[in-house]
Amino acid sequence: MTSFIHKYSSLCHFILASLPLLILIAAIFYIFGNEDAATAWFTAHAAANPNCKSIAKIFTNWGNIVFYPVYLWFLITGIRQKKKSRLRFALVYLTVQIIVSVITVRFLKIAIGRPRPGEGTFFEPYSSHGAYHSLPSGHTCEIYGAALPLVLRYKALLLTLLLGLFAAAVAFSRIYLAWHHPSDVLCGWMLGSVAGFAIHLFSNEN
């Protein structure tokens with residue numbers, strides 16, 4: 001039993017970190033039935049509750065930035081203390097995030113051309129207008145690309161739960177503020193999961 005848990009511990013921590021967001025998205029579809037109804041409700045709720053909207057904006061504007069000093073610490077200590085594992089972790093993180101969360105996400109946004117909530121129903125592929133860059137959610141991709149490598153590196157239950165809840169809050173803020181459809185966020189989580197596992201695998205020296 002212990003060997004089984006050890007063998008699949010990475011998968012277990014990944015699932016545990018992802019559950020808060022997946023439960024949220026499942027609840028949204030179960031309660032509202034479709035994305036337009038969900039967007040209308042959250043838009044009305046945000047307008048009627050400015051404090052909630054302000055909190056959501058804090059998560060949206062600052063959520064991803066929280067991880068920058070964390071990975072900068074890995075980079076600096078890796079160089080100063082000549083710890084190759086930390087340096088490798090930071091450099092792989094930077095490389096993968098640029099490839100996935102910046103280049104790939106940007107390409108998909110432009111190529112797909114999905115309108116953001118309230119911007120219409122018809123897709124406009126290869127549009128330069130930001131209103132048609134809804135799919136996938138870049139914030140969600142980046143936050144999971146940053147949180148999951150830490151989850152998989154340390155495999156600590158409390159850290160996994162905290163990072164999972166924090167990442168879910170950042171992702172949900174995009175839905176609450178009507179910047180993204182729930183399915184945009186779900187796709188962002190998928191891409192962020194790929195980035196997170198790639199960082200974990202390529203930074204692991206074993």
Side-chain angles (χ1 to χ4, degrees), residues 1-30 59 62-105 136-175 182-206:
M1 183 66 178
T2 302
S3 60
F4 176 85
I5 294 174
H6 178 73
K7 183 178 180 180
Y8 294 101
S9 61
S10 293
L11 180 60
C12 291
H13 280 274
F14 163 70
I15 293 172
L16 191 59
S18 301
L19 270 179
L21 177 63
L22 297 181
I23 290 172
L24 268 173
I25 292 178
I28 287 172
F29 279 107
Y30 177 79
F59 278 103
W62 298 99
N64 282 305
I65 296 175
V66 167
F67 288 95
Y68 296 172
V70 174
Y71 284 96
L72 181 61
W73 177 83
F74 278 104
L75 180 63
I76 293 173
T77 57
I79 294 173
R80 287 184 175 179
Q81 300 176 15
K82 296 182 180 180
K83 294 188 176 181
K84 292 183 179 180
S85 64
R86 291 183 183 179
L87 180 59
R88 183 185 180 94
F89 187 55
L91 293 177
V92 170
Y93 161 80
L94 181 62
T95 302
V96 173
Q97 284 285 55
I98 290 174
I99 293 172
V100 178
S101 297
V102 178
I103 298 174
T104 302
V105 166
S137 167
H139 279 68
T140 304
C141 179
E142 183 179 347
I143 197 70
Y144 280 94
L148 288 178
L150 296 173
V151 166
L152 298 174
R153 183 181 179 88
Y154 293 106
K155 297 183 180 70
L157 181 60
L158 182 58
L159 180 66
T160 296
L161 290 172
L162 289 176
L163 289 178
L165 289 170
F166 183 75
V170 173
F172 175 70
S173 72
R174 306 304 289 166
I175 299 172
S183 54
D184 300 337
V185 168
L186 184 62
C187 288
W189 164 77
M190 292 178 183
L191 285 171
S193 298
V194 171
F197 269 104
I199 293 166
H200 176 66
L201 292 174
F202 288 121
S203 63
N204 191 339
E205 296 178 345
N206 296 323

Could I get the full list of side-chain contact (heavy atoms from CB on, under 4.5 Å) partners for [X], not counting sequence neighbours?
| X | value |
| --- | --- |
| Pro149 | Tyr71, Phe89, Ile199 |
| Leu19 | Ile15, Ile23 |
| Leu91 | Leu75, Leu87 |
| Thr95 | Ile99 |

Q) Can you list the steps and then say if Val151 with Leu159 is a side chain to side chain contact (heavy atoms under 4.5 Å, CB included)? A) CA-CA 7 Å; Val151 166; Leu159 180 66; 5.6 Å; no

Q: Could I get the full list of side chain to side chain donor-acceptor pair (under 3.5 Å) partners for Ser183, not counting sequence neighbours?
A: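 Expected list: Glu35, Arg114.
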
Q.
Can you list everything that forms a side chain to side chain donor-acceptor pair (under 3.5 Å) with Tyr68? Sequence neighbours excluded, please.
A. Glu142

Considering only heavy atoms from C-beta outward, does the side chain of [X] approach that of [Y] to under 4.5 Å?
| X | Y | result |
| --- | --- | --- |
| Tyr144 | Met190 | no |
| Phe59 | Phe172 | no |
| Val185 | Ile25 | yes |
| Pro182 | Phe29 | yes |

**Q.** Donor-acceptor contact present, side-chain Asp184 to main-chain Pro136, <3.5 Å
**A.**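 No, Asp184 side chain to Pro136 backbone: no donor-acceptor pair under 3.5 Å.
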
**Q.** Exam field: side chain Arg153 to backbone Leu148, donor-acceptor pair closer than 3.5 Å
**A.**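 No; zero donor-acceptor contacts below 3.5 Å.
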
**Q.** For Ala171 against Leu21, the heavy-atom pair lying closest together
**A.** CB-CD1, 3.7 Å

**Q.** Atom of Leu152, atom of Ser10 and distance for their closest heavy-atom approach
**A.**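 Smallest interatomic distance, heavy atoms only, reads CD2-O, 3.4 Å.
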
Could you give the distance from [atom1] ([X]) to [atom2] ([Y]), rounded to the nearest 0.5 Å?
| X | Y | atom1 | atom2 | result |
| --- | --- | --- | --- | --- |
| Ile103 | Ile98 | CD1 | CD1 | 7.0 Å |
| Leu157 | Cys12 | CG | SG | 11.0 Å |
| His139 | Ile143 | NE2 | CD1 | 9.0 Å |
| Gln81 | Ile76 | CD | CD1 | 11.0 Å |
| Ile79 | Phe74 | CD1 | CZ | 14.0 Å |
| Lys155 | Ser9 | NZ | OG | 4.5 Å |

(Q) If the condition is ring-ring contact (aromatic ring centres under 6.0 Å, His included), which residues does Phe67 pass it with, not counting sequence neighbours? (A)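 So Phe67 forms no ring-ring contact (aromatic ring centres under 6.0 Å, His included) with any residue.
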
Q) Which pairs pass side chain to side chain donor-acceptor pair (under 3.5 Å) with one or both residues in residues 161-173, sequence neighbours excluded? A) Thr60-Ser173

Q) Any side chain to side chain donor-acceptor pair (under 3.5 Å) pairs touching residues 12-24, not counting sequence neighbours? A)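 Output for this query lists His13-Thr160, Ser18-Trp189.
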
**Q.** Stepwise side chain to side chain contact (heavy atoms under 4.5 Å, CB included) check, Val170 with Thr140
**A.** CA-CA 7 Å; Val170 173; Thr140 304; over 6 Å; no

Q. Are side-chain N/O atoms of Gln97 and Ser101 paired as donor and acceptor at under 3.5 Å?
A.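 There is such a pair between these side chains.
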
(Q) Is the distance between the ring centroids of Phe14 and Phe197 under 6.0 Å? (A)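 Ring centroids of Phe197 and Phe14 are less than 6.0 Å from each other.
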
